[in-house]
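Data block below; observations after.
So that the names make sense, note that chain A is the first sequence line, chain B the second, and so on, each numbered from 1.
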2 protein chains.
Amino acid sequence: MEEVERLQHYFQVLSDVNRLRIIKFIDKEKRSVSEIVKNSSMSQPLVSHHLKVLKNSHLVETQREGPFVFYQLTNPKILDILGLFEEMLPKENLVSDFSPMFCCPSWWGNSN
Amino acid sequence: MEEVERLQHYFQVLSDVNRLRIIKFIDKEKRSVSEIVKNSSMSQPLVSHHLKVLKNSHLVETQREGPFVFYQLTNPKILDILGLFEEMLPKENLVSDFSPMFCCPSWWGNSN
DNA sequence: TATTTATATAAGTAGTCATTTATATTGATG
DNA sequence: CATCAATATAAATGACTACTTATATAAATA
């Protein structure tokens with residue numbers, strides 16, 4: 001697998017608010033699935049799904065204790081990376097996602 | 001817009017090999033669309049599409065010179081961020097994208 | 001002004017992924 | 001062993017987006 005594809009993969013894994021929230025909630029702790037569910041507005045199966053995605057990418061690891069499964073960050077440095085991103089990425093208003101919001105035709109005088 | 005949503009947005013923008021390759025090709029230079037097309041295996045409209053996504057997120061900015069439009073990185077620090085990511089992210093084999101590859105049922109003895 | 005080159009936009013399509021709903025598995029305990 | 005609580009999986013669906021093909025715009029030049 002090419003380096004740029006690995007990058008792409010991880011960006012994709014991280015490009016989901018729910019997964020980001022889970023990562024930030026787990027933080028440096030060990031959190032059971034039910035804790036994560038309670039903390040979030042997601043259904044339990046949805047949380048499990050996202051945890052699986054994170055685990056498949058080795059961003060979290062698990063530890064069973066009786067009926068509970070605890071998740072923790074494989075490498076808490078991921079939190080620093082997120083922090084870096086928040087700092088360094090442009091803070092200008094985003095043109096509505098991928099499809100820009102309606103605007104007049106270009107000959108009206110905007111800069112496109 | 002919540003901070004975590006901004007994060008998500010940028011991760012999504014970066015979660016595409018073609019866009020990553022464009023960013024890395026532009027590097028610290030000014031590159032015309034046609035240069036980028038030649039350097040890649042993409043069609044011209046596809047390149048334009050990706051450039052628009054990058055521009056909408058203020059990751060690149062443009063400069064017209066006659067018939068040419070030159071794109072450059074708004075902030076070359078993005079290159080450092082990508083470098084950091086490559087270094088810091090886990091290098092274990094990824095379980096095939098989001099859907100894990102076939103494996104035996106769990107009672108066969110694997111660790112799920 | 002007609003033509004050519006460089007770039008952007010539009011519409012359509014296929015594939016992917018987040019989410020929901022329903023069900024299965026696993027471990028503990030009565 | 002039956003039941004309950006915790007978690008995982010499966011199937012179905014809707015939304016989104018990368019990509020293609022076709023066309024439009026914009027600048028330069030004949």
Atom NZ of A:Lys30: over 12 foreign heavy atoms under 6.0 Å |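 Atom NZ in A:Lys30 is packed in, count exceeds 12.
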Is it true that atom NZ of B:Lys91 has more than 12 heavy atoms of other residues, nucleotides or ligands lying nearer than 6.0 Å?
->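 Buried by this count: over 12 neighbours within 6.0 Å.
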Can you identify which nucleotide, out of [options], has its nearest atom closest to the [X] side chain?
X       : options                : result
B:Gln12 : D:dT21, C:dT20, D:dT17 : D:dT17
A:Pro67 : C:dG27, C:dT7, D:dT20  : C:dG27
B:Asp16 : D:dT7, D:dC19, D:dA28  : D:dC19
A:Pro45 : D:dC19, D:dT9, C:dG27  : D:dT9

Write down the distance between [atom1] ([X]) and [atom2] ([N]), rounded to a whole number of angstrom.
X       : N      : atom1 : atom2 : result
B:Glu35 : C:dA6  : CD    : P     : 12 Å
A:Lys55 : D:dT9  : NZ    : C1'   : 14 Å
A:Arg31 : D:dT7  : CZ    : C1'   : 18 Å
A:Leu14 : C:dA18 : CG    : P     : 12 Å
B:Leu46 : D:dA22 : CG    : C1'   : 15 Å

How would you label the contact of B:Phe70 with the nucleic acid (heavy atoms, under 4.0 Å): base, sugar-phosphate, or nothing?
->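 It contacts nothing in the nucleic acid.
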When all nucleic acid strands are considered with a 4.0 Å heavy-atom cut-off, which category describes B:Ser34: base, sugar-phosphate, or nothing?
->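 Counting heavy atoms under 4.0 Å across all strands, the contact made by B:Ser34 is with sugar-phosphate only.
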Does the D:dA8 base have a donor-acceptor partner in the side chain of A:Gln44 within less than 3.5 Å?
->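 When only heavy-atom distances are counted, A:Gln44 does reach the base of D:dA8 through a donor-acceptor pair under 3.5 Å.
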Distance below 4.0 Å between B:His49 side-chain N/O and D:dA18 OP1 or OP2 |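 So the side-chain polar atoms of B:His49 do come within 4.0 Å of the phosphate oxygens OP1 or OP2 of D:dA18, strictly under.
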Just how far is it from atom CG of B:Leu7 to atom CD of B:Glu3, taken to the nearest 0.5 Å?
->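 B:Leu7 atom CG to B:Glu3 atom CD measures 6.0 Å (nearest 0.5 Å).
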Which comes earlier along DNA chain D counting from the 5' end, the contact point of B:Ser15 or that of A:Phe68, where each point is its nearest nucleotide?
->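 It is A:Phe68 whose nearest nucleotide is closer to the 5' end.
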So, the side chain of B:Ser48 versus the backbone of B:Pro45: is there a donor-acceptor pair under 3.5 Å, distance only?
->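 A pair under 3.5 Å: no.
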